[in-house]
Each structure stands twice: as structure tokens, then as C-alpha cells.
Amino acid sequence: MDATTPTPTHVPAPFFAGPFEGSERAADIVARVQAYLHGELAELAREHGVDHEHGAPRELLQRVWRRSRELGFYGMTLPAKMGGLGLSVLDHVLIKEAIYATGSPFAPHVFGELSGPPRVGALARQATPEQMQKFIMPVAQAEKAICFALTEAEAGSDAGAVQTHAVRDGDEFVITGRKRFISGSPFADYAVLMASTAADPAREREVSAFFVDLKAPGVRVESGYKTMAGQSSTGDIVLDGARVPVSHLIGEPGRGLALALGRITVNRLLHCPAMVGLATVALHDARDYATQRKQFGRAIGQFQAIQHMLAEAATELAAARALMIGTARQIDAGGEARAEASMAKLFCSETAFRVADRAVQVHGGEGIVQGRRVEFLFRMLRMYRVLTGTSEIQKNTIAKELLGDALR
């Protein structure tokens with residue numbers, strides 16, 4: 001591999017989009033990163049049999065992370081003082097949308113979303129110099145991978161109900177418990193892990209954050225199951241009396257949940273470009289199929305029923321994208337956008353799934369066959385209505401912001 005990628009002469013645009021909404025720098029990044037994904041990463045995927053159903057092994061992912069860092073993509077979302085580009089939220093959103101709109105199975109790994117810099121960038125303000133050197137910078141430099149471990153069997157939407165327990169014993173904490181559905185854990189080296197430091201977790205809520213070495217004694221990752229999306233990039237982290245040095249505590253004891261939720265508004269918004277990008281792929285596939293598939297002597301795209309499904313999908317997708325971009329601009333302008341970010345996550349996830357559903361319908365029998373990309377997108381986009389805060393939780397947040405103190 002050389003150190004440069006070809007640069008296309010244009011930035012592929014979403015349906016009915018006008019001029020590129022971001023900065024010139026973002027437009028350049030979009031062009032280069034799409035060339036990278038369509039070029040050498042597409043070749044790498046073919047060479048190793050990687051697709052949406054068959055994920056890459058850790059060794060291959062490490063190769064992608066390092067190559068992405070060479071090209072300036074991996075870590076670009078970090079603050080400038082950590083070697084990132086200090087991107088605006090709008091530029092971040094547009095670049096991420098473009099990455100997912102390629103349909104590449106490597107899309108989550110170019111930024112290191114599942115296990116890289118986006119997991120640690122917000123921790124720099126809380127981390128000690130030792131933690132920066134041992135955990136954060138190796139992740140930022142694509143040398144190590146990290147995951148975020150909050151969810152448990154009884155702690156999902158109710159994030160404070162964590163039962164994984166950390167008990168101090170001298171210069172260590174002894175941690176026991178089980179984390180569930182942890183993205184990126186099968187190929188991570190470390191976890192940012194939330195555990196209760198209350199004397200009685202069943203009665204008190206005091207959640208603290210720790211850096212945990214997943215290779216340490218008393219820690220194991222169980223990843224034998226798959227989600228409905230098909231890949232096994234999700235697993236459980238089991239801690240059986242794992243000893244974690246006190247120096248691995250992140251910030252103050254009892255402030256772990258605040259640390260985890262501190263960027264929740266931005267983080268909710270930043271899930272939207274993945275949904276919009278994937279839904280764009282589904283709509284492209286449906287449109288292409290409608291022009292190629294023939295029934296009764298003509299392309300099915302000539303039938304009004306198919307035309308209406310495509311028109312509805314394109315209209316709703318354009319509305320979701322506009323809400324996402326408008327919220328990004330509001331945050332960049334200094335607005336809190338708490339309700340708007342939840343609206344964006346709610347509307348983008350629900351809309352993206354409806355787009356995928358219509359895309360399957362356009363494909364007819366072919367759309368329900370495993371191995372068809374549109375069938376995978378249907379499953380993947382169904383998950384986003386649950387992942388990173390369910391639609392119902394987003395509605396709760398919106399209602400709370402709307403009603404304010406009226407019902408308190």
C-alpha cells in the first residue's frame with residue numbers, strides 16, 4: 001500500500017441534494033475517503049471474503065485501522081490537541097454519512113467507530129497523564145482497540161441500574177458482574193467500563209467509570225452470539241473478581257454515569273448519519289432494481305405502485321437528512337439541542353427503517369433472500385430503532401423538554 005489515495009473529481013451526493021453543505025476541507029475528505037472505501041478497501045474485502053454477513057478478523061481490522069490512520073481518516077474526529085482535525089459537528093456528520101453511503105463493510109472502521117478514537121476523545125478532559133499514555137493515545141494511534149461497556153441485562157434504558165459491582169481493596173478495585181451487548185468487545189483490548197461503587201448496588205445508585213484490560217485475569221469476552229444484523233461484532237464482558245488498579249478509575253468516584261452521558265446530545269446526533277447513509281444505499285438499490293427488473297413486458301419502475309414507494313422513501317429520507325443537518329448546525333452555533341438531537345435520532349431511525357422496508361418490497365421475492373444487500377440493510381436498520389437509546393426513550397426526552405417544568 002502506498003501513502004496516497006486517488007481523489008475523485010466530484011463528491012457523490014445524496015438524492016436531490018444541492019451544493020455540499022459542509023466546508024471545503026470536509027468535501028475533500030469525503031472525496032478521498034470514498035475513493036479509499038471503493039478502491040483498496042473494496043479490494044481488501046473481496047480478497048478476504050469480508051461482507052456484511054462475514055466480519056473481518058482482528059488482524060485484518062488492525063491493518064485497516066493503521067492504513068486509515070496513515071491516510072488521516074482514523075482519529076480525524078479527535079480534538080486538535082490529540083492529533084485530530086477539530087471538525088465541526090456538521091462536517092463530522094457529512095463525512096460519516098458519506099462513509100456509510102458507500103455500503104462498505106469496513107465503514108464502521110475507517111473512523112474507528114466501534115473500537116477507536118471516537119470512544120476516547122471525550123475522556124481526555126478526565127484522564128490522568130498515566131491514563132492518557134496507557135489507554136487513550138494507543139487507541140488514538142491505532143495500536144490498541146477499546147469498547148464502551150455500560151449495558152447489562154437489567155441496565156439498558158435505565159442506565160443507572162448497573163449491578164456490576166466494584167469494591168475497593170487497598171490499591172485495587174475488585175469488580176464482579178456481566179456486561180451485555182457490548183459493541184466492539186470481541187476485538188477490543190480495553191473497555192471503558194461502568195460499575196457500581198455503592199455499598200449496596202440493589203438499593204443505591206453510584207456508578208463509576210474504569211479502564212479495564214480485557215486480557216487481565218478474571219476478565220473474559222464471550223462473543224458466540226450474533227445480533228440480527230448477522231456479524232459477531234458484539235459480545236458480553238464477564239468479570240469474575242477482576243482486580244483493577246485504583247489508578248484506572250476515570251474521574252471522580254460516582255461520576256461515571258455523568259461522564260458516560262456528558263456528550264449524549266452530540267452522540268445521539270452522530271448516530272444519524274450512519275442510518276441516513278445506509279438508507280441511501282437501500283434506496284439506490286431499490287431504484288436500480290426497479291429499472292432492471294421486468295414484469296408484464298416492462299420495467300417495474302414504470303408501475304405507479306413502485307413509483308409511489310420510491311417517491312415516499314426519497315421524500316422521507318430527505319426530511320430526515322434535513323433534520324440531521326439542521327441539528328448539527330444548531331449545535332455548532334452553540335445551541336443545546338437536547339430535544340432536537342433526540343428528534344433526529346427518533347426520526348432518522350424510524351425513517352431509515354421505513355426506507356429499507358420499502359426497498360425490500362420493491363425487490364419482491366429477491367428482497368427476502370439472505371445475501372441480498374437490501375435484506376441485510378432491512379435487518380441493520382431495524383436495529384437502530386433500539387440501539388443507542390430506543391425510540392421510546394427519545395420520545396421521553398422530547399416530551400420532557402417540551403413540557404419543561406409544567407408537570408413537575
Side-chain angles (χ1 to χ4, degrees), residues 11-17 30 33-34 36-38 41-42 45 50-55 92-114 118 183-184 226-231 233-234 267-289 309-310 312-325 328 344-363 367-368 370-391:
V11 178
F15 288 96
F16 309 121
V30 166
V33 78
Q34 288 190 327
Y36 173 52
L37 283 157
H38 285 307
L41 286 191
V50 177
D51 57 25
H52 294 294
E53 301 289 352
H54 306 91
H92 188 162
V93 161
L94 293 171
I95 295 168
K96 183 172 175 180
E97 177 196 17
I99 288 173
Y100 277 84
T102 65
S104 170
F106 286 121
H109 300 286
V110 174
F111 274 178
E113 268 191 277
L114 288 179
S183 298
K226 292 183 178 182
T227 64
M228 65 190 294
Q231 289 193 25
S233 59
T234 302
N267 287 340
R268 278 176 175 164
L269 176 65
L270 289 177
H271 289 295
C272 296
M275 309 170 206
V276 171
L278 292 173
T280 300
V281 175
L283 184 52
H284 271 289
D285 285 356
R287 182 195 61 182
D288 292 347
Y289 189 78
M309 280 192 279
L310 294 173
E312 289 169 353
T315 300
E316 291 188 16
L317 185 56
R321 187 171 186 272
L323 178 57
M324 172 183 77
I325 289 173
K345 201 281 177 181
L346 170 66
F347 191 70
C348 288
S349 62
E350 296 289 338
T351 297
F353 178 67
R354 286 194 298 271
V355 170
D357 185 47
R358 292 192 186 100
V360 168
Q361 197 71 12
V362 169
H363 280 76
I368 59 175
Q370 286 195 348
R372 272 283 189 179
R373 182 164 67 178
V374 73
E375 186 270 342
F376 162 77
L377 291 169
F378 176 88
R379 288 184 280 119
M380 186 71 229
L381 288 169
R382 178 59 183 88
M383 287 176 56
Y384 272 112
R385 295 169 63 199
V386 173
L387 298 177
T388 69
T390 64
S391 291

K.L.:
Spell out, as yes or no, whether a donor-acceptor pair under 3.5 Å connects the side chain of R379 to the backbone of M228.
P.N.:
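Present.
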K.L.:
Output yes when a side-chain donor or acceptor of T351 lies under 3.5 Å from a complementary backbone atom of C348, and no otherwise.
P.N.:
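Judged by distance alone, no pair lies under 3.5 Å.
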K.L.:
Can you name the closest pair of heavy atoms from V30 and A98 and give their distance?
P.N.:
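Minimum heavy-atom separation between V30 and A98: CG1-CB, 3.6 Å.
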K.L.:
Would you compute the distance between atom CD of E113 and atom OH of Y100 and round it to the nearest 0.5 angstrom?
P.N.:
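Nearest 0.5 Å value for the CD-OH distance: 3.5 Å.
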K.L.:
Please examine the side chains of V110 and L41, heavy atoms only from C-beta on, and report whether any two atoms are closer than 4.5 Å.
P.N.:
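Contact flag for L41/V110 side chains = yes.
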K.L.:
With rounding to the nearest 0.5 Å, note down the distance linking NE2 in H363 to CG in D285.
P.N.:
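It comes to 5.5 Å.
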K.L.:
Show your reasoning for whether side-chain contact (heavy atoms from CB on, under 4.5 Å) applies to T280 and V355.
P.N.:
CA-CA 8 Å; T280 300; V355 170; over 6 Å; no
K.L.:
Quick one: pull up CZ in F376 and CG in L381 and give me the separation to the nearest 0.5 Å.
P.N.:
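Output value for this atom pair is 8.0 Å.
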K.L.:
Taking side chain as C-beta onward, heavy atoms only, is R354 less than 4.5 Å from E316?
P.N.:
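Sidechains of E316 and R354: in contact.
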K.L.:
First locate atom CE of M275, then atom CE of M383, and finally report the distance between them rounded to the nearest 0.5 Å.
P.N.:
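Those atoms lie 11.5 Å apart.
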K.L.:
Specify the closest pair of heavy atoms between K96 and A274, including all atoms of both residues, with the distance to one decimal.
P.N.:
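That would be CE-CB, 4.1 Å.
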K.L.:
Quick check for you: to the nearest 0.5 Å, what is the distance between R268 atom CZ and L346 atom CG?
P.N.:
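If we round to the nearest 0.5 Å, R268:CZ and L346:CG are 10.5 Å apart.
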K.L.:
Kindly compute the distance separating CD1 (I95) from CD (Q34), expressed to the nearest 0.5 Å.
P.N.:
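I95 atom CD1 to Q34 atom CD measures 10.5 Å (nearest 0.5 Å).
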K.L.:
Determine the minimum heavy-atom distance between A42 and H38, stating which atoms define it.
P.N.:
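Heavy atoms only, the tightest pair is CB-O, 3.3 Å.
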K.L.:
In terms of relative ring orientation, are F111 and H92 parallel, tilted or perpendicular, with 30° and 60° separating the classes?
P.N.:
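Rings of F111 and H92: perpendicular, over 60°.
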K.L.:
Quick one: are H284 and V281 in side-chain contact, heavy atoms under 4.5 Å?
P.N.:
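Sidechains of V281 and H284: no contact.
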K.L.:
Quick one: closest heavy-atom pair of S349 and R385, and the distance?
P.N.:
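Residues S349 and R385, closest heavy atoms: O-CG, 3.8 Å.
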K.L.:
Run N267 and T388 through side-chain contact (heavy atoms from CB on, under 4.5 Å) and show every step you take.
P.N.:
CA-CA 9 Å; N267 287 340; T388 69; over 6 Å; no
K.L.:
Within a 6.0 Å radius of atom CD on Q361, are there more than 12 heavy atoms belonging to other residues, nucleotides or ligands?
P.N.:
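Not buried by this count: 12 neighbours or fewer within 6.0 Å.
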K.L.:
Side chain of E97, backbone of V276: donor and acceptor closer than 3.5 Å?
P.N.:
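The answer is no, because no donor-acceptor pair under 3.5 Å joins these two groups.
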K.L.:
Are the side chains of L269 and M324 in contact, using a 4.5 Å heavy-atom criterion?
P.N.:
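Side chain of M324 against side chain of L269, heavy atoms only: contact under 4.5 Å found.
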K.L.:
Could you please spell out the steps behind the side-chain contact (heavy atoms from CB on, under 4.5 Å) verdict for Y384 and L278?
P.N.:
CA-CA 11 Å; Y384 272 112; L278 292 173; 4.0 Å; yes
K.L.:
Looking at H109 and L114, would you say the former's side chain and the latter's main chain have a donor-acceptor pair under 3.5 Å?
P.N.:
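It does not hold such a pair.
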K.L.:
For residues L317 and A279, report the shortest heavy-atom separation together with the two atoms involved.
P.N.:
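Closest pair (atom of L317, atom of A279, distance): CD1-CB, 3.8 Å.
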K.L.:
R358 vs L310, test: side-chain contact (heavy atoms from CB on, under 4.5 Å). Steps then yes/no.
P.N.:
CA-CA 8 Å; R358 292 192 186 100; L310 294 173; over 6 Å; no
K.L.:
If I compare all heavy atoms of D357 with all of F378, which pair ends up nearest, and what's the gap?
P.N.:
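The answer is OD1-CE1, 3.5 Å.
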